[in-house]
Amino acid sequence: QVQLVESGGGSVQPGGSLILTCTTSDIGKSHFMSWFRRAPGKEREAVAAIYVNYDTTYYPDSVKGRFTISKDRAKATAYLQMNNLKPEDSAIYYCAAASDGTLWSNNGWAVAGRYHSWGQGTQVTVSS
């Protein structure tokens with residue numbers, strides 16, 4: 001397992017942008033770094049993943065074109081740039097890391113149970 005620390009949440013108006021940051025204690029132990037979110041009364045949902053060694057990225061249709069995941073290996077940090085935010089994007093956002101290198105297959109990147117480490121979460125609120 002690795003330790004993950006998120007930052008960057010906050011409140012924005014619809015159409016606004018936020019960038020979330022996730023710093024890991026050891027990026028070398030993770031094949032995938034991802035972001036999930038959980039809104040009140042809803043299931044936890046994967047919103048972005050990056051295959052660390054190849055920089056391949058994955059998104060669900062709900063955020064494709066608006067969210068961008070990236071990473072800086074030297075800083076052991078993953079980022080989630082969120083643009084054109086909508087009220088339905090309001091949730092607690094969690095960073096997750098997985099040592100399983102097969103998550104690219106069969107949308108494994110979107111399965112929370114495949115991740116071994118989680119951050120504490122950061123609140124994102126989109127409201128006018």
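Quick caveat: nothing in here was measured; it's all calculated off a predicted structure.
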> Step by step, would you call Thr21 with Glu6 a side-chain contact (heavy atoms from CB on, under 4.5 Å)?
Replying inline: CA-CA 5 Å; Thr21 299; Glu6 302 117 331; over 6 Å; no

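Between the side chains of Asp72 and Thr77, no donor N or O sits under 3.5 Å from an acceptor N or O. For Ser62 and Glu45, the side-chain atoms include at least one donor-acceptor pair closer than 3.5 Å. Under the 3.5 Å distance criterion, with hydrogens and angles disregarded, a donor-acceptor pair is assigned to the side chains of Thr102 and Arg114.
In this structure, Gln120 CD and Cys95 SG are separated by 9.0 Å, a value rounded to the nearest 0.5 Å. Note that CZ of Arg37 is 13.0 Å distant from OH of Tyr94, once rounded to the nearest 0.5 Å. Separation of atoms OG (Ser30) and CG (Leu103) is listed at 11.0 Å; rounding is to 0.5 Å. One finds the CD atom of Gln3 at 9.5 Å from the CD atom of Gln1 (value rounded to the nearest 0.5 Å). Rounding to the nearest 0.5 Å places OH of Tyr93 at 14.5 Å from CZ of Arg44. Expressed to the nearest 0.5 Å, how far CG of Leu4 lies from OG1 of Thr23 amounts to 9.0 Å.
The cluster map of Ile, Leu, Val, Met, Phe, Trp and Tyr, joined by side-chain heavy atoms under 4.5 Å apart, puts Trp109 and Ile69 in different clusters. A chain of hydrophobic side-chain contacts below 4.5 Å, direct or via other Ile, Leu, Val, Met, Phe, Trp or Tyr residues, connects Val12 to Met82. Hydrophobic clustering of Ile, Leu, Val, Met, Phe, Trp and Tyr side chains at less than 4.5 Å, counting indirect connections, unites Met33 with Phe67.
Ala48 and Leu80 make their closest contact through CB-CD1, 3.7 Å (heavy atoms, listed as atom of the first residue, atom of the second, distance). Of all non-hydrogen atoms in Gln81 and Ser17, the two that sit nearest each other are NE2-CB, 3.9 Å. Here the closest non-hydrogen pair linking Asp89 and Asn84 is OD2-O, 4.4 Å. Scanning all heavy atoms of the two residues, the minimum distance from Ala49 to Ser34 falls at CB-OG, 3.1 Å. Scanning all heavy atoms of the two residues, the minimum distance from Val47 to Tyr59 falls at O-CD2, 3.6 Å. The heavy-atom pair separating Trp35 from Ala78 by the smallest distance is CZ2-O, 4.1 Å.
Between His116 and Val2, the closest side-chain pair of non-hydrogen atoms falls below 4.5 Å. In this structure, the side chains of Ser127 and Ser11 stay at 4.5 Å or more apart for every pair of heavy atoms. Using a 4.5 Å cut-off on side-chain heavy atoms (C-beta onward), Ile92 and Gln123 make contact.
Atom CH2 of Trp104 is surrounded by 12 or fewer heavy atoms from other residues, nucleotides or ligands within 6.0 Å.
Ring geometry, Phe32 versus Tyr58: the interplanar angle falls from 30° to 60°, so the pair is classed tilted.
Residue Leu18 forms a side-chain contact (heavy atoms from CB on, under 4.5 Å) with just one option from Leu85, Thr125, Val126, and that option is Leu85.
In this structure, the ring of Phe36 has its center less than 6.0 angstrom from the ring center of Tyr115.
At a threshold of 4.0 Å, the pair Lys64-Asp61 counts as salt-bridged, since one of the basic side-chain nitrogens sits closer than that to a carboxylate oxygen.
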